[in-house]
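Residue numbers start from 1 in every chain, and the chains themselves are labelled A, B, ... in the order their sequence lines are given, proteins ahead of strands. The structure presented is a predicted model; accordingly, all values stated were derived computationally and were not measured. The analysis underlying the following values was restricted to heavy atoms, covering all of them including side chains, and did not include hydrogens, waters or symmetry mates.
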Amino acid sequence: MNVIEVRGVTKKFGNFTALNNINLTVGEGEIYGFIGPNGAGKSTTIRILLGMLKATDGKATIFGKDVWKDAVEIHKRISYVPGDVNLWPTLTGGEVIDILLKLRGNGNSNKRDELLERFDLDPTKKCRAYSKGNRQKVALVAALAQDADLYIFDEPTSGLDPLMERIFQEYVRELSQEGKTVFLSSHILSEVEKLCDKVAIIRQGEIIEEGTLKEMRHLTRMNVIVQTKEPIDGLKEMDGIHHLEKRDKEWHFQVDADKMGSVITHISEFGIIHLESLPPTLEDLFMGFYEGSVLSENKRGNR
Amino acid sequence: MLIKGTGQLTKLLFRKDRVKIIVWLTILLAVSLAAAFAYPNVYKTEQDIMAFGLTVENPAMVAMIGPGYDLEDYSTATMFAHEMLLFTSIAVIVMNILFVGRATRADEEEGQLELVRSYPVGRLSYLSAAVIEALIVNLILAFVIAFGLFLSGLDGMDLESTMLYGSILGSIGFAFAGFTALFSQLAETSRGTNVFSFGFLLIAYFLRAIGDIESEVLSFLSPLGWIVRAYVFTENAWWPVFLSFITAILTIGLAYYLNSIRDMGTGFLPERKGRKRASGFLKTMFGFLLRQQRLNIFAWAFGIFLLSASFGSIMGELESYFADVDLIKAFLGEYPNESLTNQFLSLLIGIMALFSVIPAIMSVLKLKSEEFQNRTEFFYSRAVSRPFLFSHYFLFGLIVTVVVQMMIPLGLWSTGSVLKEMGVPFNDLMKASLAYIPALWIYVSLTAFIIGWFPKLSNVVWIYFGYSFIVLYLKELLKLPDWLVNISVVEHVPNFLTEDGNLLPLFLLMGIALLLYIIGIVGYKRRDIVG
Ligand SMILES: Nc1ncnc2c1ncn2[C@@H]1O[C@H](COP(=O)(O)OP(=O)(O)OP(=O)(O)O)[C@@H](O)[C@H]1O
Ligand SMILES: [Mg+2]
């Protein structure tokens with residue numbers, strides 16, 4: 001059974017369409033990356049999944065239950081870290097963690113102390129005195145110290161330093177080894193690339209791609225560097241070649257995955273001396289999806 | 001440059017606050033004019049005016065609204081000044097505290113200041129902009145009120161006097177803008193700033209009240225004590241205006257100094273180290289709510305207790321004053337059955353009751369501000385249902401109402417041993433105060449209702465609250481039509497001091513409160529939660 005299923009969900013704020021007919025499927029035990037630029041609709045999607053926002057249209061379920069109607073039931077098995085962590089200024093970090101753990105009822109006190117130590121967080125400070133990263137750590141400790149089946153993180157590392165980021169990633173891997181499902185929204189591509197089995201890319205309220213990283217790489221372009229004995233003709237005119245560039249004697253370009261065969265056939269006629277082909281990084285994918293499809297914000301309606 | 005960009009920021013503040021400014025100024029002007037026009041209508045003969053002069057000269061009234069004029073100086077204009085000046089000033093002061101507190105600490109706390117400071121603006125620019133905004137608003141207020149009164153063409157409203165009246169309001173407002181600016185540097189949070197500023201207002205009111213009936217020296221320590229000694233329309237003393245203005249300059253200067261030497265996001269009254277673990281009580285919802293708001297609630301409860309106690313202490317003098325003056329009795333023959341003490345007591349309890357619901361409204365409004373600051377999502381992402389949180393805030397508001405309201409009879413009684421001699425049993429006092437609770441609960445449930453359906457409009461509850469206040473204080477004077485009076489729920493509270501009150505309205509009021517709460521929940525369950 002899929003843990004999260006989103007079918008045709010649309011969310012409008014007034015006549016501004018924040019989400020337009022999105023579909024997502026997260027299977028059990030997956031680490032699912034949800035990436036997209038600022039304002040793409042990541043947090044909106046998550047708030048719909050949490051039953052805080054009501055979808056204008058479509059259906060979303062978690063554990064097979066309706067996210068709006070059965071929110072409380074679902075949340076007994078969920079742990080969540082918000083993107084923008086605001087805490088109660090008069091309480092200490094330690095107090096906030098305890099209160100949040102109490103709300104779920106199955107917090108683990110040893111785990112809490114271990115996490116506090118690993119994340120190097122002083123629980124005696126008043127929340128107003130915490131930096132952004134430290135506020136985020138409070139929410140992370142509270143979320144990780146409790147036992148859940150699904151963990152939802154909204155840009156959990158945006159305020160953390162690289163060392164803390166790594167500790168977070170270790171914990172996520174640990175969760176995945178325990179068979180937990182993780183839904184991770186981010187715009188830090190390297191993080192998603194390191195952690196996630198499956199990725200969805202959202203842009204201006206629409207899912208423009210969903211699948212495993214492997215599938216996506218197939219769908220998109222390869223980076224090619226080639227050097228031949230004789231000068232190559234006709235590359236420019238070929239279909240499916242992008243960013244063509246000549247550096248010294250080498251040609252650098254990108255090829256659409258499905259045109260790879262014909263391009264190789266073509267260049268082999270000129271006597272290949274050296275050929276490198278690199279799979280696209282997630283960043284390439286990301287940029288690839290953005291180019292050429294620059295919709296202006298106002299196409300989604302005015303707020 | 002320390003103040004680079006101040007002009008730009010001032011414009012920004014004005015753009016942000018323009019609606020609020022217009023609403024405040026309009027209401028202040030409208031109420032002042034309405035009152036000014038009402039006096040000649042209500043007090044038509046020399047005798048009426050004399051009677052007024054005699055009644056307001058008693059210690060209880062002096063404590064409440066300040067010392068009056070010489071008996072022969074009373075006219076419709078001086079009556080207006082005596083009854084309206086102090087209370088209007090307090091409203092202006094509240095406006096200034098809210099504006100300056102907002103533009104200094106609150107914006108700093110929410111990070112707006114950080115954003116602004118990252119642009120090429122000076123360290124002191126934001127504070128300067130807040131000060132300039134306050135100065136301009138107070139200047140406009142002074143002129144609008146002055147010319148409004150002058151142009152009314154009412155008897156005795158000459159230009160110098162009305163200018164003085166307006167200037168007093170503007171300058172006392174500006175003085176408190178200065179105090180708030182100062183407190184905003186000392187405190188570390190916007191809440192702290194508000195607590196200090198309103199606390200200071202309360203102390204100032206108090207000092208003046210005690211000073212006005214016991215020894216004038218105390219009154220001179222309080223800015224509010226200065227302004228009630230301006231004797232507008234007779235002596236027209238301008239020194240209170242200058243003194244207020246100098247106070248503003250000094251406090252603002254000090255605020256500038258402190259602002260220039262402190263770091264952003266810090267104050268001068270530092271925080272202690274806190275606990276590592278949450279106590280069992282804090283982990284309950286009520287414990288959690290109480291912890292957030294205890295300072296505020298305690299401050300209000302204490303303030304209301306003190307005010308009631310001080311009024312209780314002058315109650316005895318009140319009765320003996322009336323006993324001495326046969327003349328007054330003759331004039332006040334129109335109320336043969338009600339003792340004056342009882343009349344005064346019921347007005348007092350009414351006003352104090354309205355005050356006491358403020359912390360309760362604030363505590364329910366917290367649900368909305370928590371949501372808009374992305375804090376309710378901690379609850380709603382866990383197994384917490386919306387009715388659970390909503391009902392806890394609501395219930396908490398109901399309890400706060402009762403607790404703070406209890407301070408009124410307790411305060412009156414604690415010093416009012418004389419009350420006993422005068423035959424006002426504690427029971428009656430208690431009943432009269434408790435009778436307000438169902439009506440006050442309506443403010444709480446109205447707040448909950450608005451949060452359930454129209455969270456962005458939650459401040460509308462304050463408009464209704466202000467309306468109730470105006471009705472309570474001015475309904476006789478303005479001769480408001482019944483339906484306008486009836487809109488204010490506290491007008492339906494039976495008076496247990498003078499009659500054996502009817503219980504039916506109390507049950508009706510509770511029913512309405514319950515209904516508003518239930519409709520509120522329905523809306524709250526259906527709507528989007530922002531964060
Ligand atoms: N309550 C609301 N009312 C109106 N518009 C909203 C509301 N909440 C979000 N939006 C708009 O919906 C869009 C999506 O916002 P969302 O917060 O989901 O973006 P995001 O992908 O999380 O971005 P970020 O990476 O900056 O966190 C934005 O354009 C935002 O302005
Ligand atoms: Mg977001």
Legend entry - Other residues, nucleotides, ligands: >12 heavy atoms within 6.0 Å of A/Glu114 CD: yes

Legend entry - A/Ser43 and A/Asp154 side chains, donor-acceptor separation under 3.5 Å: yes

Inset, instruction - Measure B/Arg526 against the heavy atoms of chain A and call it side chain, backbone, both or neither at under 4.5 Å. - result: backbone

Inset, instruction - Return the option, out of A/Asn86, A/Val72, A/Ile99, with the maximum number of heavy-atom pairs under 4.5 Å with chain B. - result: A/Asn86

Legend entry - Segment of A/Leu87 engaging chain B (4.5 angstrom heavy-atom cut-off): both

Legend entry - Donor-acceptor pair between A/Thr25 and A/Arg7 side chains, under 3.5 angstrom: yes

Inset, instruction - Below 4.5 Å from any heavy atom of chain A, which atoms of B/Phe288 appear? Answer side chain, backbone, both or neither. - result: side chain

Inset, instruction - Against chain B, label A/Arg77 side chain, backbone, both or neither, depending on which of its atoms sit under 4.5 Å from a heavy atom there. - result: neither

Legend entry - Minimum heavy-atom distance A/Asp98-A/Arg112, with the two atoms named: OD1-NE, 2.9 Å

Inset, instruction - Check whether any side-chain heavy atom of B/Leu389 lies under 4.5 Å from a side-chain heavy atom of B/Met285, and answer yes or no. - result: yes

Legend entry - Lys/Arg-Asp/Glu bridge criterion (N-O < 4.0 Å) met for A/Asp147, A/Lys180: yes

Inset, instruction - Could you tell me whether B/Lys525 atom NZ has more than 12 heavy atoms of other residues or ligands within 6.0 Å of it? - result: no

Legend entry - Contacts with chain B made by residues 132-143 of chain A (heavy-atom distance under 4.5 Å), listed by residue number: A/Ala139, A/Ala142, A/Ala143

Inset, instruction - Go through B/His392 and B/Phe388 one step at a time and tell me if the ring-ring contact (aromatic ring centres under 6.0 Å, His included) criterion holds. - result: CA-CA 6 Å; B/His392 269 86; B/Phe388 179 85; 4.3 Å; yes

